[in-house]
Protein chains: 2
Amino acid sequence: MAKSKDNKKSSSDSRVSKAVVNRLSLYLRELSRLERAGIETTSSTKLGQMLGFSDAQVRKDLANFGQFGYPGVGYRCSELIASIRQIMGTDQRWPVALVGVGNLGRALLGYRGFSHQGFNTVAAFDLDAKIVGTEIEGIPVFNLEEIDHIVEQKSIQLAILAVPATAAQEVAERLVAAGIRGILNFAAVTLKLPDHITVIGVDLAIEMEQLSFAMTSRMP
Amino acid sequence: MAKSKDNKKSSSDSRVSKAVVNRLSLYLRELSRLERAGIETTSSTKLGQMLGFSDAQVRKDLANFGQFGYPGVGYRCSELIASIRQIMGTDQRWPVALVGVGNLGRALLGYRGFSHQGFNTVAAFDLDAKIVGTEIEGIPVFNLEEIDHIVEQKSIQLAILAVPATAAQEVAERLVAAGIRGILNFAAVTLKLPDHITVIGVDLAIEMEQLSFAMTSRMP
DNA sequence: TAGATTGTTAATCGATTAACAATC
DNA sequence: TAGATTGTTAATCGATTAACAATC
């Protein structure tokens, strides 16, 4: 085990920035790749190089949560993976609701990448009578009216919101009323929700704009 | 027009952070909403409030690129929209290639949100003989072999990469060889590409992890 | 042992906020 | 005019990097 004094900082004391948590996910992704490749040990320098960060940054990020390495040796991939999973909360399974089974929602239902990381889409919701009651990719589609019931029954805390922008605020409020505490929002609107609700916004048009800005500013 | 001395900083002098450019996109999104609602004027305070930023931050971000407001009055929505579009490069149309017509790729082909912002998916690429030669959502699907040809013919600089993670690095290198300069990467890998290539990564599993971290750290 | 690498403290750098004269 | 709000400079805050003793 890593270090005898395993006084990891309690997970709730550290007010840690969004950027740190994002990098933690990237470390996890690289570490998993190394482990799959049969590599047992790595270092802050190597990990940083793979991702374009400094070695100091890697160590500092991890230091927010405890001591995970061995001076003179580095980090054991499998151990660090387990530690980061625990920090991120992905050492447990999270049942997820997907709301809005349109084009994008359907693709997300079929997306295999989530389950690896500990996320299980267990219920989908829509208003379209043609699909309510069916199963898509093995996941039952319910009428949105049933959200309170199902969220409670399946102890769901997380939702993926893939409804049209015009409906997003209203649907989000229903999710919160149903007991959802975290939302991955694909709608191109800023949701106004109570402070205790976590919202991560993914706006694909905005990501494309970052590209066009880069093309435009670094003119060749 | 805004200010008589329109000495906007030249778009290439300002080395501006990723965070600033992202907020610019958010300002643009809110301004468009206001304009659609028939509101003609706003202020840094109001704009900030809508998005959870300080008024000073809004003004500082804009100050990177010029002077767009009227002291005592605020900003004219339509003018500021036009200015930000110009800064972002979305005052012009960008032809885009979509590579990898699987589950997610197909959804992205059907996604209407891009074209509003000035992006036009004009060609899709895949290896699957069953779909090569067909049109999906009105967009022709080509064999990946044809990428060089088509990219040149259609003057494409931007690509959306939606292939399996295992293929992403190899396919990305082909895109670069074909002349692509910016990639929106949905594959869960860090691409190793020349410095002059801009890559924006969107990893949905990582976004979900941000949620589970929030659930786990702010335990109720 | 010599070489490598951690965790951590101090120094630097950059980003955000506060404050205010200028302006409408 | 009085009130509102900009653009900008200076002050503060936070994040990144450098440096190094401790450790294997």
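Every chain is numbered from 1 and lettered A, B, ... according to where its sequence line falls, protein lines coming before strand lines.
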Distance, rounded to the nearest Å, where [X] contributes [atom1] and [N] contributes [atom2]:
| X | N | atom1 | atom2 | value |
| --- | --- | --- | --- | --- |
| B:Asp55 | C:dT16 | CG | P | 14 Å |
| A:Arg15 | D:dC13 | CZ | C1' | 17 Å |
| B:Asp61 | C:dA15 | CG | C1' | 10 Å |
| B:Asn64 | C:dA15 | CG | C1' | 11 Å |
| A:Phe65 | C:dT8 | CZ | C1' | 16 Å |
| B:Phe53 | C:dA15 | CZ | P | 15 Å |
| B:Phe68 | D:dT8 | CZ | P | 11 Å |
| A:Leu62 | C:dT5 | CG | P | 16 Å |

Would you indicate which nucleotide in [options] comes nearest to any side-chain atom of [X]?
| X | options | answer |
| --- | --- | --- |
| B:Lys60 | C:dA19, D:dT17, C:dT16 | C:dT16 |
| B:Pro71 | D:dT17, C:dT23, D:dT8 | C:dT23 |
| A:Arg59 | D:dT6, D:dA19, D:dT5 | D:dA19 |
| A:Gln67 | D:dT17, D:dT5, C:dT8 | C:dT8 |
| B:Ser17 | C:dA15, C:dT17, C:dG7 | C:dA15 |
| B:Ser54 | C:dC24, C:dT17, C:dT5 | C:dT17 |

>> Could you check whether any side-chain heavy atom of A:Val20 comes within less than 4.5 Å of a side-chain heavy atom of A:Phe65, counting everything from C-beta outward?
In response: yes
>> Tell me the closest heavy-atom pair linking A:Ala177 and A:Asp148, and the distance in Å.
In response: O-OD2, 4.0 Å
> Rounded to the nearest 0.5 Å, how far does CZ of B:Arg174 lie from CG of B:Leu144?
Replying inline: 4.0 Å
>> If you compare every side-chain N and O of B:Ser44 against the phosphate oxygens of D:dT6 (OP1, OP2), does one of them come in below 4.0 Å?
In response: yes
>> With a cut-off of less than 4.0 Å, is there a side-chain N or O of B:Tyr75 near OP1 or OP2 of D:dG7?
In response: yes
>> Do B:Arg76 and B:Tyr70 form a cation-pi contact, if we require the NZ or CZ to be under 6.0 Å from the six-membered ring centre and within 45 degrees of the ring's axis?
In response: yes
> Across all strands, who's sitting opposite D:dA15 as a Watson-Crick or G-U wobble pair, both distances under 3.5 Å?
Replying inline: C:dT12
>> With a 3.5 Å limit on both atom pairs, tell me what C:dA21 is paired to, counting Watson-Crick and G-U wobble, or say none.
In response: D:dT6
> Counting any heavy atom closer than 4.0 Å, what does A:Thr45 reach on the DNA or RNA strands: base, sugar-phosphate only, or nothing?
Replying inline: nothing
>> If you count every heavy atom of other residues, nucleotides or ligands that lies below 6.0 Å from A:Glu173 atom CD, does the total exceed 12?
In response: yes
